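Read the numbers this way: they start at 1 and go in the same order the structure lists the ligands and their atoms. Just so you know, these numbers come straight off a predicted model, no measurement behind them.
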Amino acid sequence: MTEFPAQPLSPLDGRYRPAVTALGEYLSEAGLNRARVQVEVEWLVYLTEHSMFGSSPLTPAEIEQLRALYLDFGQADIDWLAEKEAVTRHDVKAVEYLVRHRLSELGLDRIAELTHIACTSEDINNLSYALTVSQAVRAIWLPKLRLVLDSLRTKAVDFRAVPMLARTHGQPATPTTMGRELAVTVYRLERIALQIEANEYLGKFSGATGTFAAHVVADPDADWPAISREFVEGLGLDWNPLTTQIESHDWQAELYGKISHANRVLHNLATDMWTYISIGYFRQIPVAGATGSSTMPHKVNPIRFENAEANLELSSAILDSLAATLVTSRLQRDLTDSSAQRNIGVGFGHSLLALDNILGGLGQIDLAEDVLAADLDHNWEVLAEAIQTVIRAEVTAGRSSIEDPYALLKELTRGKRLGQAELVEFVSKLDIGDAAKQRLLELTPATYLGLSDDLVDYLP
Ligand SMILES: O=C(O)C[C@H](Nc1ncnc2c1ncn2[C@@H]1O[C@H](COP(=O)(O)O)[C@@H](O)[C@H]1O)C(=O)O
């Protein structure tokens, strides 16, 4: 057998690449290294702007050239870092050398020793992760979730008055509307989206063990906590003043918990859509040229929702694992976070892929209102709840003396299929007030909807 050239092991880098490419901009190793260069460069700019350690401010042209190191970060830098890291065996040190190398090329050797000064690698790493993860969430993941929410919201509104048999425990139950059921999912996801939007992205910048020790010994007069805060906040992050060597990663655990929660709600949506399709409530719109089954030519399979189901489970498994492991670090640091955080993009990638498939799946279905109507018409016994409740109200109001209305209806309906004629006959003979009886006689499974339609107005 011939040997393949190197192949991706993750399907995210293979067959699913087009759906997740955008995340690579932030959550790939190159994205991380670009952010590391950004932090190193911005620290140089900050130090010189404030004439720290006797330095003097750079000219605007020099600052522009420095910032180009990360703004124009590309393949040449990626290759340079790979070569250097093979020697240093330390990824952040390689980044420091890259910055020093470019400083030399720019004729800025005079500030070379300010590169990475007083920093530990984690000072660079934690800010870089906070930057890249926040950008990935805000620029890629949340907008994709918003597209799914828009599609769901449109369907919730379009189908708000379309009656549907409910199936608590999988059994016929008090009817609802398809739109209201979809609105429940939108409401849930909107809450989580707001929580994700409000997530903090904390950053520490305080040296080898979080004590500013090197800073103070190099410049005892500077207000280092204030400088650290200004620098971290200047990057658009929230300052964490009290840490060990590592940022404590609590913001990451909180964020991944929320994304994982969203994943599970989406998983619930995917399996419900699958079930609605399987009982004929939604018809799938065949995709031209596509095949459902390799042997059963008639089939259109709900593969989008099935793919989403699998990828949401994988995403949550990874994000839950990250949330659990990242909040512990032995003593002042261990390196497990470094190795674990390299999988953040994998966790987000599986979720993004699932969102993409849910969006595609939602775009390929039509509501089969005739099937929903027929199902309701086959289940008149769901009006038993309505009848027993009205009788109890009538008894309480003194307009009826029927004993134990619940038992009466249970006797009539439990485990049975009743038709319209039998129910009408039963209601006609009830000893209750005329208005109540008329209300019950006019009721059908398709009109026993309570406030289903109105409740859709609570959509955020
Ligand atoms: O500023 C420092 O570096 C302080 C140092 N702690 C470290 N902090 C951050 N990174 C470190 C640390 N140590 C190693 N490395 C480098 O991390 C990389 C780990 O590789 P991987 O498991 O692939 O994520 C891999 O590149 C490692 O070389 C300490 O001794 O406290």
For this session: Pull out every atom of ligand 1 sitting under 4.0 Å from any heavy atom of Thr120, numbered as shown with elements.
Result: 1 (O), 2 (C), 4 (C)
Exercise. Does the pair Arg167/Asp375 count as a salt bridge with the N-to-O cut at 4.0 Å?
Worked result: yes
For this session: Applying side-chain contact (heavy atoms from CB on, under 4.5 Å), run through Val346 and Leu27 and close with a yes or a no.
Result: CA-CA 9 Å; Val346 186; Leu27 299 183; over 6 Å; no
Exercise. Does the pair Glu122 and Tyr129 meet the rule for a side-chain contact (heavy atoms from CB on, under 4.5 Å), with working shown?
Worked result: CA-CA 10 Å; Glu122 167 70 3; Tyr129 273 115; over 6 Å; no
For this session: May I ask you to check whether Glu122 has an N/O atom sitting below 3.5 Å from an N/O atom of ligand 1?
Result: no
Seminar exercise, completed: Checking heavy atoms under 4.0 Å, the part of Arg89 that sits near ligand 1 is backbone
Problem set entry | Ring-ring centroid check Trp274 Phe305, cutoff 6.0 Å | no
Problem set entry | Ring geometry between Tyr46 and Phe231 (parallel below 30°, tilted from 30 to 60°, perpendicular above 60°) | perpendicular
Exercise. Among Arg138, Arg146, Lys258, which residue meets the salt bridge (charged side-chain N to carboxylate O under 4.0 Å, His left out) test with Glu197?
Worked result: Arg146
Exercise. Where is the nearest protein heavy atom to atom 6 (N) of ligand 1: which residue, which atom, and how far?
Worked result: Gln245 OE1, 3.2 Å
Exercise. Among protein heavy atoms, which lies nearest atom 20 (O) of ligand 1, and at what distance?
Worked result: Arg342 NH2, 3.7 Å
For this session: Return the option from Ala208, Ala340, Ser121 holding the heavy atom at the smallest distance from atom 9 (C) of ligand 1.
Result: Ser121
For this session: Quick one: look up the protein heavy atom nearest atom 19 (C) of ligand 1 and list residue, atom name and how far away it is.
Result: Ser338 OG, 3.4 Å
For this session: Check each of Asp91, Ile124, Thr88 against atom 17 (O) of ligand 1 and report the one with the nearest heavy atom.
Result: Asp91
Problem set entry | Closest candidate by heavy atom, reference atom 8 (N) of ligand 1, pool Glu96, Glu29, Arg333, His116 | Arg333
Exercise. Taking atom types as modelled and ignoring hydrogens, do the side chains of Glu96 and Thr115 form a donor-acceptor contact shorter than 3.5 angstrom?
Worked result: no
For this session: Would you please determine whether Leu335 falls within less than 4.0 Å of ligand 1 on a heavy-atom basis?
Result: yes
Exercise. Taking only heavy atoms of Ser339, which atoms of ligand 1 are found under 4.0 Å from at least one of them?
Worked result: 21 (P), 22 (O), 24 (O)
Problem set entry | From Asn126 atom CG to Asn240 atom CG, the distance as rounded to the nearest 0.5 Å | 8.5 Å
For this session: Heavy-atom distances under 4.0 Å are what count here, so tell me which part of Gln332 touches ligand 1: side chain, backbone, both or neither.
Result: neither
Exercise. Parallel, tilted or perpendicular: which fits the ring planes of Tyr276 and Tyr281, with parallel below 30° and perpendicular above 60°?
Worked result: parallel
Exercise. Has ligand 1 got any nitrogen or oxygen that is less than 3.5 angstrom from a nitrogen or oxygen of His90?
Worked result: yes
Exercise. Under 4.0 Å from atom 30 (O) of ligand 1, do we find at least one protein heavy atom?
Worked result: no
Exercise. Looking only at heavy atoms, is any part of Lys93 under 4.0 Å from ligand 1, and if so is it the side chain, the backbone, or both, or is it neither?
Worked result: neither
Exercise. So does Arg34 pair up with Asp77, basic N to acidic O under 4.0 Å?
Worked result: no
